[in-house]
Each structure stands twice: as C-alpha cells, then as structure tokens.
> 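Mind having a look at this structure? Questions to follow.
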Amino acid sequence: MNIDLDNLNEQQKKAVLYNEGPLLILAGAGSGKTKVLTTKIAYLIEELNISPFEILAITFTNKAALEMRERVDKMIGNVSKNIQISTFHSFGLKILRENYEKLDYSNNFVIMDSDDALTIVKKILKSLNYDPKIYNPKAIRNKISNCKNELISPSDYEKYIAGDYEKVVSEVYYKYEDKLKKNNAVDFDDLLILPIRLFRKYPDVLQKYQERYKYILIDEYQDTNEAQYILSKMISAKYKNICVVGDADQAIYGFRGANYKNILNFEKDYPSALSIKLEQNYRSTKTILDAANCVIKNNEKRKDKNLWSTKGVGDKITYYRAYDEKDESHFAAMEIKKLLDDGKDASDIAILYRTNAQSRVIEEELLKDNIPYRIVGGFSFYQRKEIKDLLAYLKLIYNPKDDISLLRVINTPKRGIGLKTIEHLTEKADAKGISLFEAIDSSKELKFKNLIISLQKISESVTLTELIDKVLDATEMKKELESEKSIESEIRLENLEEFKSITKAFEERMGLVSLEDFLYEVSLVNDKDEYKDSRNKVSLMTIHSVKGLEYDIVFVLGLEEGIFPHLNSLMSASETEEERRLCYVAITRAKEKLYLINARRRTLFGKDGVNPPSRFISEIDENLIDSNVRKEEVKHVNKEEVLREEDIDYKVGDYVVHEHFGAGKVVEVTNSLVSVAFKHPYGIKKLMKNHKSLTKV
C-alpha cells in the first residue's frame, strides 16, 4: 500500500519524509498537524518498513489519541493496533503495569483521581489538627502535585521550607506519599514520575524501552511539563528519532506546570534537529488569521511564524462595546438569533469567556430567548455521586486495600455503620499497620466485608457489564434509588444504566476484558475526553476549554483589562504573554466569523468595576474590525412579554409544571434561576424563576 503524499503541501510533505534524527514541526493553528503526524506514522510503516511495535506516538487527551489511531487505521489497516498511540499518562501506566514489582507495588494497584487525592490531604490535615481555613486542602494538594511534576520529592521539598506554611506542606507531603503506598495506590502525577524513577534506578529497563520505541512522535509539545519533558528525553536518548509537533503561540497551560520553553529550546537539546514551519491554515478566513497574527506578534518569547489562508478574506471582525455585562450578553444573544434565523446551526456557534463566573449572565440571556446551549467542561459524568459510588465498589473489589474507596461506600447505601465505628476501625488499622478492610472482623462491617469478598469471586466468572448488574443488586444501590420514587432518583438510575452502556462499548471495542483493564481506562479519562451532548446547541466555555476545537462563529466576551487579560497577570510580563497566547487561541477557533465584545462597566464576584478595553483589541489592525455597531441597531426584544410581573418564591422540593418539559421538581434555587429535574429525556434544566412557561404547583 502506497501512502498518498500529493494531498500534502510542500512543508507537510517535507515533515513526513524526514525520519532520521530529531525533527521540530512548528505547526500553527489549523495547519493540519494531525494529518502530518498520522501520514508520517503510516509512511514509516508502509514505505520504510519500520515495525509498528517500534513507534511511540504521544498526545495529550484520549480523544486525540483515538482520533490519531482511527486516521492511521484508515491508511494502513489493522496493523495500526500494534502502535503505541496514547497520552503520556496512558504510556506511563503501561510502563508501571509492566514493571510494578520493581517499584514495590502489587499488580492490583489503583489510581487515585484528584478528588481522592484531596480526600487524603483533608484526612491528613485533620489528623494533624491543622485548621483547613488556614491551610487550604486544595491548595496543599495542588502544591504537592506541582512538586511531583517538577520531580521534587518530599525530602527535596524540605530545602524550600521558609516558614510555617511550607513546613505543613512538607509534613502533609510525607504522609500523603506514605498513605498512597499503604493503599497500593498511585495518583495521576505518579504515572509520569514513577517511570522516570524506574529508568534512573534500572538503566537496563530504560535500554529495553529505548530499543522498543526507536521512533517517537509527540504532539502538543509546548504543553509538556518537566516530568513529560524528561521522560521524552530518556526514551529518545539512544536513537534520537524524536519528532515533536507544537506551537509556542498556543501554550496556555502554564498554571498546570506546562513549560512552553521546552519547544523553544528543542534545537538546543538536539543541535542536529531539522525545523519545519507549518503556516498554511486550513480553518479560518484571512481576516481572522491576520487578526491573530496582529495580536501574537506582540509577544517576545516565541518563534516567528505567520499564518496564512486561501479561504478568502471573509467578514470583518465585529467589535461591540456594551454598556454593561447584561447589554454584552443581550447583544450576543440577538446576533445568535439572527444567525439561527439565517439557517445557521446552533452547534456551529461558540461563546467564549475568560472565567466561569462570566457564564451566569449569558446563560440567563439565552434562557430568556429560548436559545439552546450547553456548558462544555461542566460537571463530568464520572464525577456524579452515583457513578463515583459505583466506581468505588469496583475499585474495592479489585483492590481491598483501597481505604478511600472503602470509606466512600461502607455505609452507602446506609448499613448502620456510623462515624464512631469508622473511627474505631481506623484506629485499629493504624495501630496494626494494615488496611481498613483487613481490620474488619466483627459486627455489621463484617457483613460488608463478606459482600465485597463474594463480589470478588463473582467478578472472576462474569463479563464487566454483568458485574455492574451484580454490584447494583448485591449492594442494594439500585433498590435504594428505586424505593425513593423521585425524579432525582430516576435520573441517577438512568446514569447507572448509562454506565452499563459505557462498559458494553468498552467490551465491544476491546473484546472480553478484565475489571483491571476497565478501571485503568476510566482512571485516565479527563474532561476533554467526555462524551458530549451532540444535539444542536450553542457551546459555552472558557477559552482554556476550547483548545483543540473549532466553530464557524465565535463570540469572545469580556475583553477588558483586568478580565482578559486577567488581573492576576498584569504585574508579570510572562503571565501577560500567556494571556496573549490565550487570546490567540480564542481568535483562531473561528472559521468564518468572529465577534469581540466587552462592557464599559461590569459586576463580577459581587463587585462593580469600570475597566478600559483589553489591550488585545488595540493590537488588531483597525482595518480588520467593523466597530460601527450602534445600540440603536440592536433590535431589543421586549422580554417582559415572557416574564411574569410578580416574583415567584421557589424552594427546593417544590413541584412545577413547564409548558414543554412537563412536571418536575425544584432541586436548586439561585437569585434569578431555578434548577428543575424533569423526567427522561429532559433531565435537569435551568429556568428563569418568573418565566411564564413555568408554573408552581
């Protein structure tokens, strides 16, 4: 099978054909980098006869890895299944699963998610009698995570102690690591640092992986942190056939520990590297790209490149300076109504903002106008209580030493096992140096222990989906929700049924699989990998969440000094440059039409403010902007026609009827909105309190 290179431009083709030695591909937004990477992989196998087992392709989300694999599969068929295409964390997990004994773990180690890690930190602080109001558990958890990603061990961190706070962090860090080890558990950061520790301790193991992966391709290299950077260098050190793809102008994750200097310094790390720029954009109009170029050229720490397109000039950018945040949202809603009336699909439109707090006003405006929308990066399916409870049971069946999962479900559903019993059990386990599960030997908790043991035996002889049914029945999770006979419990039951759809899909994709395989796969799911509501709705999200996505029409709200760029960045040149890169990302998401909107005055976080327009607007060539939008041109719809004159007083638990969604129950009340749980298929909806379509029963 020959690989067709004719559909590549000259720079793309050059990148595909260069395969001996280090290669840096500077890929601008929308320049076809995934196409280059997948064609390159196919070319290595089909034209250069490289074994697929010798290729390692790394990207940053499971979704991107799946897309890459599907594209390669279309080009070369089933042989693609033998290529290691994954995220850094999935690759790290593979290494751990193959070498767990050398790192003193048992084969049934579990992965703690960020919530589990936070729970451990909270318990440690409580045991040490530290006030969580003074020593914020989330801040300490983040500090520990940052240390681990910078390869700073608890003993290394002692050098940084300069006061009481650092002393507490150090103390918690030691106990946190000890707790993970006793639970035969690792956290997400360990998936990166443990392989490095392994390779440093066992050079022969590193050499084995260097021989296995002779060709290494890394996507989004500007987003690598210290651990990912070192892991990449170690694996590629022998053959140096490392190809990295990225764009320093889209480096927006500094707050997560990503270091964009890794891509800027690639040629220093590999002096023989070839550098190729992909500057032809296949996504956006010339006007949008020119605006993006205008903004980003003001950053000093970057490699020069200039995006261009053959898609035509396109519409000018619409700039609207609103009176306040309500006018800002109203203008956006009115423009969206026009677009929808003109035949645009709502799913082709995105509204972007710098912080989640800005979404409230635009949500209210869209609700008033009955414009369907979805929040991207909102509440994750895997973070719902009933799903976390079910996963905790599955983790405990797999690894009974997992104290965090045990504490979550030992009294869920209620079994009469109270806090005093749990405290006694914890003291007993700590005194003997054993797990909580091992410490159980009497009373009601023994019945719980026997339940888990029986489910362990069942798990050995049934499919994954069958096991879910057994767990739901044996633990009485299903029975408890069915007995509640409420709309909320119906929704939770539907979510548990949906979980079985996930296990079925996993079984179909992977064949008959173990509980171990499934738990590891689920542990690696992140927000960007979540399956999304694909119905025709406008997408609302922060600019950080939109990375990697594209829309025909994009609205960017809140372009004011102190909002975007964010107030916290204004005292630091490097942080202001990251804000500018964030603006560059926002602009380059638009394919056809871009709206830039701000307000003269704004109430945010309960404070009134008057902010000047964002510097990013003034950086755009004025010839690219249409700012002749006047208030009188915006046709205001009389929304009072759809609102009641009197305010309705709602309380959680009230029953209501909606003209379209039918009967429902109030589950949350805020200042002007009410969240109502409706029957399937509608679920929970946010509605205006005094909207005429809603009636209190």
Side-chain angles (χ1 to χ4, degrees), residues 1-8 12-23 25 27 32-99 195 205 207-221 231-232 235-236 238-245 276 278 504-514 516-518 520-521 524-525 529:
M1 184 187 296
N2 292 322
I3 304 302
D4 181 16
L5 302 180
D6 293 336
N7 62 348
L8 302 176
Q12 290 174 331
K13 191 182 296 185
K14 187 178 176 183
V16 168
L17 295 176
Y18 186 85
N19 292 293
E20 295 300 326
L23 173 63
I25 303 175
K33 66 182 177 66
T34 305
K35 185 179 184 180
V36 170
L37 278 174
T38 52
T39 306
K40 191 174 182 66
I41 292 169
Y43 186 85
L44 284 168
I45 294 168
E46 291 294 323
E47 301 296 334
L48 300 184
N49 295 316
I50 304 300
S51 167
F53 293 101
E54 295 180 340
I55 298 172
L56 170 64
I58 298 285
T59 187
F60 271 78
T61 67
N62 292 315
K63 183 179 175 183
L66 182 61
E67 180 190 353
M68 192 181 292
R69 185 176 295 282
E70 287 172 346
R71 288 204 196 185
V72 175
D73 187 60
K74 283 182 181 178
M75 284 188 267
I76 61 174
N78 283 338
V79 71
S80 68
K81 290 182 171 58
N82 298 321
I83 308 166
Q84 178 68 30
I85 301 177
S86 65
T87 64
F88 269 108
H89 290 93
S90 294
F91 179 56
L93 175 59
K94 175 182 171 64
I95 295 171
L96 290 186
R97 291 178 75 178
E98 292 173 351
N99 301 275
V205 176
Q207 190 172 3
K208 182 183 77 172
Y209 284 97
Q210 289 172 338
E211 286 295 333
R212 185 188 300 183
Y213 301 114
K214 294 176 182 174
Y215 291 85
I216 298 161
L217 303 94
I218 303 176
D219 193 13
E220 304 286 9
Y221 193 66
L231 188 58
S232 304
I235 294 285
S236 64
K238 184 170 184 180
Y239 291 100
K240 292 186 170 56
N241 292 323
I242 179 171
C243 167
V244 304
V245 184
I276 296 172
L278 302 183
K504 280 182 182 174
F506 185 75
E507 287 170 330
E508 288 169 4
R509 177 161 58 88
M510 305 294 289
L512 288 174
V513 291
S514 65
E516 173 187 28
D517 292 329
F518 180 71
Y520 286 144
E521 171 107 349
L524 295 170
V525 171
D529 298 319

> So, applying side-chain contact (heavy atoms from CB on, under 4.5 Å) with D73, which one of I83, N78, T38, I85 is it?
N78
> Does some side-chain heavy atom of K238 sit less than 4.5 Å from a side-chain heavy atom of K214?
no
> Strictly by modelled atom types, are N99 and Y209 linked by a side-chain donor-acceptor pair under 3.5 Å?
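Note: N99 and Y209 side chains meet the donor-acceptor criterion.
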> Could you give me the CA-CA distance, side-chain angles and deciding distance for K74 and E70, then say whether salt bridge (Lys or Arg N to Asp or Glu O under 4.0 Å) is met?
CA-CA 6 Å; K74 283 182 181 178; E70 287 172 346; over 6 Å; no
> Take E20 and K240 through the salt bridge (Lys or Arg N to Asp or Glu O under 4.0 Å) test and state the conclusion after the steps.
CA-CA 8 Å; E20 295 300 326; K240 292 186 170 56; over 6 Å; no
> Using 0.5 Å steps for rounding, measure from the CD atom of E521 to the OG atom of S90.
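The OG atom of S90 is 7.5 Å from CD of E521, to the nearest 0.5 Å.
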> Output, in order, the C-alpha distance, side-chain angles, deciding distance and verdict of ring-ring contact (aromatic ring centres under 6.0 Å, His included) for F91 and Y213.
CA-CA 12 Å; F91 179 56; Y213 301 114; 5.6 Å; yes
> Given side chains that start at C-beta, do those of M68 and I41 come closer than 4.5 Å, heavy atoms only?
yes
> Measure the spacing between CD1 of I276 and SG of C243 and express it to the nearest 0.5 Å.
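I276 atom CD1 to C243 atom SG measures 8.0 Å (nearest 0.5 Å).
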> Report the residues that fulfil side chain to side chain contact (heavy atoms under 4.5 Å, CB included) with N19, sequence neighbours left out, ordered by chain and then residue number.
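For N19, the residues satisfying side chain to side chain contact (heavy atoms under 4.5 Å, CB included) (neighbours in sequence not counted) are K40, Y43, L44, L48.
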> With a 4.5 Å cut-off on side-chain heavy atoms, are D517 and R97 touching?
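They are in contact (side-chain heavy atoms under 4.5 Å apart), so the answer is yes.
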> How far does CG of L524 sit from NE2 of H89, to the nearest 0.5 angstrom?
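Between atom CG of L524 and atom NE2 of H89 there are 8.0 Å.
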> Return the minimal non-hydrogen interatomic distance between A65 and T59, and the atom names on each side.
N-CG2, 3.4 Å
> Measure the spacing between OH of Y18 and CG of N241 and express it to the nearest 0.5 Å.
9.0 Å
> Can you confirm whether T87 sits close enough to I58 that some side-chain heavy atom of one is under 4.5 Å from a side-chain heavy atom of the other?
no
> Should V79 and I76 count as side-chain neighbours, where that means a heavy-atom distance under 4.5 Å?
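In contact.
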> Roughly how far, to the nearest 0.5 Å, is CD1 of I55 from OG of S80?
10.5 Å
> Are V244 and L23 packed together at the side-chain level, in the sense that at least one heavy-atom pair is separated by less than 4.5 angstrom?
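V244 does not reach L23 side chain to side chain.
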> Under 4.0 Å between a Lys/Arg side-chain N and an Asp/Glu carboxylate O for E67 and K63?
no
> Between the side chains of Y239 and E54, is a donor N or O closer than 3.5 angstrom to an acceptor N or O?
no
> Does atom NZ (K504) have a neighbourhood of more than 12 heavy atoms from anything else shown, all under 6.0 Å?
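For K504, atom NZ is not crowded (no more than 12 foreign heavy atoms under 6.0 Å).
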> Test side chain to side chain contact (heavy atoms under 4.5 Å, CB included) on Y215 and I50 and set out the steps.
CA-CA 9 Å; Y215 291 85; I50 304 300; 3.5 Å; yes
> Nearest 0.5 angstrom please: L96 CG to Y520 OH, how far?
8.5 Å
> Let me see the working for R212 and I235 under side chain to side chain contact (heavy atoms under 4.5 Å, CB included), right down to the final yes or no.
CA-CA 9 Å; R212 185 188 300 183; I235 294 285; over 6 Å; no
> Indicate the atoms forming the closest heavy-atom contact of A42 with M75, along with that distance.
CB-SD, 3.9 Å
> Quick one: does K33's side chain get under 4.5 Å of E220's, heavy atoms only?
yes
> Is any side-chain heavy atom of L5 closer than 4.5 Å to one of L8?
yes
